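Keep in mind that the numbers below use all heavy atoms, side chains included, and drop hydrogens, waters and symmetry copies. Computed from a predicted model, the values in this text were never measured in an experiment.
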Number of protein chains: 2
Amino acid sequence: MEYGKKQLQIMADAEALFAEKGFNGTSVREIADKAEINIAMISYYFGSKEKLLEAIFDYRGKISKLAIEKIIKKTGIKSIDKIYLLIDNYIVKILEQQNFYKIMSREQVINSAGPIANLILKMKKNNQEAIARLIEEGQKKKEFKKNVDINLMMTTIVGTANHLITTKHYYRQLSKQHKMSDAMFNQSIQEQLSKHLKFITKAILTNEL
Amino acid sequence: MEYGKKQLQIMADAEALFAEKGFNGTSVREIADKAEINIAMISYYFGSKEKLLEAIFDYRGKISKLAIEKIIKKTGIKSIDKIYLLIDNYIVKILEQQNFYKIMSREQVINSAGPIANLILKMKKNNQEAIARLIEEGQKKKEFKKNVDINLMMTTIVGTANHLITTKHYYRQLSKQHKMSDAMFNQSIQEQLSKHLKFITKAILTNEL
DNA sequence: CGCAAAGTTAAACAAATGTTTAATTAACTT
DNA sequence: AAGTTAATTAAACATTTGTTTAACTTTGCG
């Protein structure tokens, strides 16, 4: 599916509202107000509120797949450095698209069936399989140790990053960084989180610190 | 506040529904149906749907505080082993109260202000301060290294555990454990997660693996 | 221009929402 | 047992919900 300028604007405004107040906590009238359109336009373009959410997932899902493949295919680079690139790629993505990741981390709790759950599962499967291949590659080169629980490792990477951005307001208060500007805080998070996740990942994959 | 038998039943049923369908996705009529009471009883006992959620948070919040204090105060035990006890305590708690933790991990994304956000922040602050003291104790005994980012460490512990239980259905499919019974799967998660988080925590706190 | 398709609008729709009312029943107290 | 408080009920309340309708304006094209 392709989206026109107006559709993308609606999707962006809806995304912001869904992130802030939840899918069920946001009414189509609020979306229409924010996007400065008539309520009927949402049904006209997307069919329904639910399908608008699906369109957002569809749109965001497509983007991420390419970046991962690109990194995996790189040659002349150590496996651990590929992992590092994937981590940094993920952190940048999650910081740039905080609203979408907030929605996803909320909706994946609720939707254990339905079209959105299927989209999420597909995304996860893709990522997982790519990383599994990468780790096997590292194991063959004896860079990584033999028994690695890929699922738990990814749960930690994704869980840490997700939890950080979904609870940013708590984190800021607890780490006494609430005087910082939002942009500076994001920058600071990016560096710290990158270092942190690379440290953990290295410990899990190799036997070094 | 104290809760009678009937109130507790309503809270338990509401908790299950909120976890499954979200706060805004659950109507008071559904709660009344599940708890086999009249709709008016919810307003009668709790004042409103919102205050029912607050009651759930209030009730669950009280329980957790005591257990932590108890572990912290233990003597004749290494600091790292106290951390291990706290981790196991947390894992057991999160597995026993999956519904509540699902609600919390969803609501803390939305509510950046409001009474529930304050309750969550208070819980987090308590835990954080207790663990900060524990880590300083370990640093004095030279068990732990000097520069430890407590915030990020806790983000990883909480984020990993949260992400695991909120996305259990995906995890089961991806790790090919969907043939297991639910009880067995929980048991299996508990052991794996405990080992995993202890490994990470040790790496962060000490310089050993 | 003329006309068909796409875009946009205000209004109306039924259904669902959280909360309250007023009446009735149950439980407890003296 | 009488009287008082607490518990429970069905019905009604006003809003809000997502979606649709039918009329209109704008746009693009031959």
Between D:dT19 (C1') and A:Ile37 (CD1): distance, integer Å = 14 Å

Atom-to-atom span, CG of A:Asn24 to C1' of C:dT17 - whole angstrom = 12 Å

Atom CD of A:Gln9 and atom P of C:dT8: how far apart are they, to the nearest Å?
-> 13 Å

Round to the nearest Å and state the distance from A:Gln7 atom CD to C:dA6 atom P.
-> 13 Å

From CG (A:Leu193) to CG (A:Leu95), nearest 0.5 Å | 7.5 Å

Quick one: is B:Tyr44 getting a side-chain N or O under 4.0 Å of the D:dT8 phosphate, OP1 or OP2?
-> no

Geometric cation-pi criterion A:Lys49 and A:Phe23, 6.0 Å radius, 45° cone | yes

Rounded distance in Å - NZ (B:Lys6) to P (C:dA26) | 13 Å

Do A:Asp13 and A:Gln9 get their side chains close enough for a donor-acceptor pair, meaning under 3.5 Å?
-> yes

Can you tell me how far C1' of C:dT8 sits from CD of A:Glu36, to the nearest Å?
-> 15 Å

Given B:His196 and B:Thr160, is the side chain to side chain donor-acceptor pair (under 3.5 Å) satisfied, shown in steps?
-> CA-CA 10 Å; B:His196 178 70; B:Thr160 301; 5.2 Å; no

Stem segments of DNA chain C by first residue number [Watson-Crick or G-U, under 3.5 Å, at least 3] | C:1-12 with D:19-30, C:14-30 with D:1-17

With distance as the sole criterion, is a donor-acceptor pair present between the side chains of A:Ser79 and A:Glu137 under 3.5 Å?
-> yes

Please state how far atom CG in B:Leu53 lies from atom P in C:dG18, giving the value in whole angstrom units.
-> 13 Å

For the side chain of B:Met41, starting at C-beta, report the closest nucleotide among D:dT8, C:dG7, D:dT19.
-> D:dT8

Candidate nucleotides C:dT8, D:dT19, C:dG18, ranked by approach to the side chain of B:Lys49 - the nearest | C:dG18

Check the distance between C:dT8's P and A:Tyr45's OH and give it to me in whole angstrom.
-> 4 Å

Do other residues, nucleotides or ligands put more than 12 heavy atoms under 6.0 Å from the NZ atom of A:Lys168?
-> yes

Atom pairs under 3.5 Å, N or O on each side, protein against nucleotides 10-16 of chain C: can you list them with distances?
| from | atom 1 | to | atom 2 | distance (Å) |
| --- | --- | --- | --- | --- |
| C:dA10 | N7 | A:Asn38 | ND2 | 3.2 |

Side-chain H-bond candidate by donor/acceptor type, A:Ser175 with A:Gln177, under 3.5 Å = yes

Indicate yes or no: does A:Asp58 engage A:Lys62 in a salt bridge with an N to O separation below 4.0 Å.
-> yes

Can you tell me how far the CG atom of B:Leu197 sits from the CD1 atom of B:Ile83, to the nearest 0.5 Å?
-> 12.0 Å

